[in-house]
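One-based numbering, in listed order, for ligands and for the atoms of each. Keep in mind it's a predicted model, so treat the numbers as computed, not measured.
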Amino acid sequence: MKKRVSILNVPIHDVSLAETAAAAREAVLNGKRLRVVTANPEMICRAASETGLRAAVAGADLVTADGVGVLWAARRLGQPLRERVTGIDLVQALFQVGGGMGWRVFLLGGRPGVAAEAAARQSALYPGLVFEYAHGYFAPEEEEALTERIRAFRPQVLLAGLGAPRQEIWLDAHMDLAAVSIGVGGAFDVLAGRKKRAPLWIQRAGCEWLYRLIREPGRFRRQWVLPLFVWRVMRECYGRGTT
Ligand code: UDP
């Protein structure tokens, strides 16, 4: 069992990107299930008040630290985590692993056309992978046909880019569809080449969130939760006597 750190009552595993990818490979090879949640400060805050999300996170096999805010909180709480494991980094690591083994990958989510573009672009990069896809704006009455389509495809990997917390709750309710399932947020836009990630030096400086905020100012209204996250972590530090 991997070491876990509790941040605002959300357990985060102290795993590296390489360990997470290795766990996924093992799950596929041994016919087990691995559901991964990549938790950012926004998700951790929402889990406090949203029961469905809290249950979906608690039931995940691996919860990774998605973002510098989570690493900062773990450090403040006196239990540092080794590194952040974001959805997009994990996906790219998995494509490398699965490319040599002919894995089937289902991309579910994003605006119409985006998952298709992502599948085309990634299969050119990883010819060993087989892709299938569906956009993320399906009506409730279409859901059954969609899950049947995914089941018939028998994917080793199911990536849900439906936005948090919907993707976490959806994957929790559809555990049986793939060996490895991961909520990846807006990653299909990057896989499709529609959006660029921050340059590596910005990622390494821990400023990818700022880069995204500048390029997508619309994200600003979601960021109100960050001061709340900081305040709650500091309050927990004082409560635990770690400050
Ligand atoms: N999305 C979707 N269906 C919906 C709502 C959102 O497929 O009903 C997709 C949206 O197109 C986008 C992604 O969810 O690609 C955004 O997810 P999130 O905001 O969690 O991503 P982040 O920007 O934090 O990576």
- Item | Closest protein heavy atom (residue, atom, distance) for atom 7 (O) of ligand 1 | G110 N, 2.8 Å
- Are any of the N/O atoms in G136 less than 3.5 Å from those in ligand 1? yes
- Note on the structure: closest protein heavy atom to atom 25 (O) of ligand 1 is G186 N, 3.0 Å
- Task: Please work out whether any backbone atom (N, CA, C, O) or any side-chain heavy atom from C-beta onward of D189 is under 4.0 Å from ligand 1, and answer side chain, backbone, both or neither.
- Result: side chain
- Taking every non-hydrogen atom, the tightest pair across L146 and A134: CD1-CB, 3.6 Å
- Task: For this output row, return yes or no: ring centroids of Y126 and F131 closer than 6.0 angstrom.
- Result: no
- For M43 and V57, what are the C-alpha separation, side-chain angles and deciding distance, and is it a side chain to side chain contact (heavy atoms under 4.5 Å, CB included)? CA-CA 9 Å; M43 195 192 288; V57 174; 4.2 Å; yes
- So is G109 polar-close to ligand 1, meaning N/O to N/O under 3.5 Å? no
- Query: Which ligand 1 atoms are under 4.0 Å away from a heavy-atom of A164?
  - Reply: 20 (O)
- Query: Can you name the nearest heavy-atom pair linking A115 to G109, along with the distance?
  - Reply: CB-O, 3.7 Å
- Task: Just jot down the ligand 1 atoms closer than 4.0 angstrom to any heavy atom of G185, in number order.
- Result: 13 (C), 17 (O), 18 (P), 20 (O), 21 (O), 25 (O)
- Task: Measure the spacing between CZ of R219 and CD1 of I214 and express it to the nearest 0.5 Å.
- Result: 12.5 Å
- Message: With a 6.0 Å cut-off (strictly less than), is the heavy-atom count around CH2 of W209, excluding the residue itself, greater than 12?
- Response: no
- Task: Around atom 24 (O) of ligand 1, find the nearest protein heavy atom and jot down its residue, atom name and distance.
- Result: R222 NH2, 3.0 Å
- Message: If the cut-off is 4.0 Å to any non-hydrogen atom of G161, which atoms of ligand 1 fall inside it?
- Response: 1 (N), 2 (C), 7 (O), 9 (C), 13 (C), 14 (O)
- Query: With a 4.0 Å cut-off on heavy atoms, does Y137 reach ligand 1?
  - Reply: yes
- Message: Could you tell me if R46 sits above the aromatic ring of F229, with its cationic atom closer than 6.0 Å to the ring centre and no more than 45 degrees from the axis?
- Response: no
- Message: How far is atom 18 (P) of ligand 1 from the closest protein heavy atom, and which atom is that?
- Response: G163 CA, 3.7 Å
- Query: Hey, does A187 come in under 3.5 Å of ligand 1, counting only N/O atoms on both sides?
  - Reply: no
- Using a 4.0 Å heavy-atom cut-off, say whether H135 meets ligand 1 through its side chain, its backbone, both or neither. neither
- Query: Under 4.0 Å from any heavy atom of R166, which atoms of ligand 1 are there?
  - Reply: 3 (N), 4 (C), 8 (O)
- Polar contact flag for R219 and ligand 1 (N/O pairs, less than 3.5 Å): yes
- Item | Minimum side-chain heavy-atom gap L191-V114 below 4.5 Å | no
- Item | Enumerated ligand 1 atoms positioned under 4.0 Å from heavy atoms of R111 | 11 (O)
- Query: What do you reckon, is CZ of R154 surrounded by more than 12 foreign heavy atoms closer than 6.0 Å?
  - Reply: no
- Query: At a non-hydrogen distance cut-off of under 4.0 Å, which region of Q167 contacts ligand 1 (side chain, backbone, both, or neither)?
  - Reply: neither
- Near E141 CD, under 6.0 Å, is it more than 12 heavy atoms from other residues, nucleotides or ligands? yes
- Query: Counting only heavy atoms, which portion of M43 has something under 4.0 Å from ligand 1: side chain, backbone, both, or neither?
  - Reply: neither
- Keeping the roles fixed (side chain from R84, backbone from L71), state whether a donor-acceptor pair exists under 3.5 Å. no
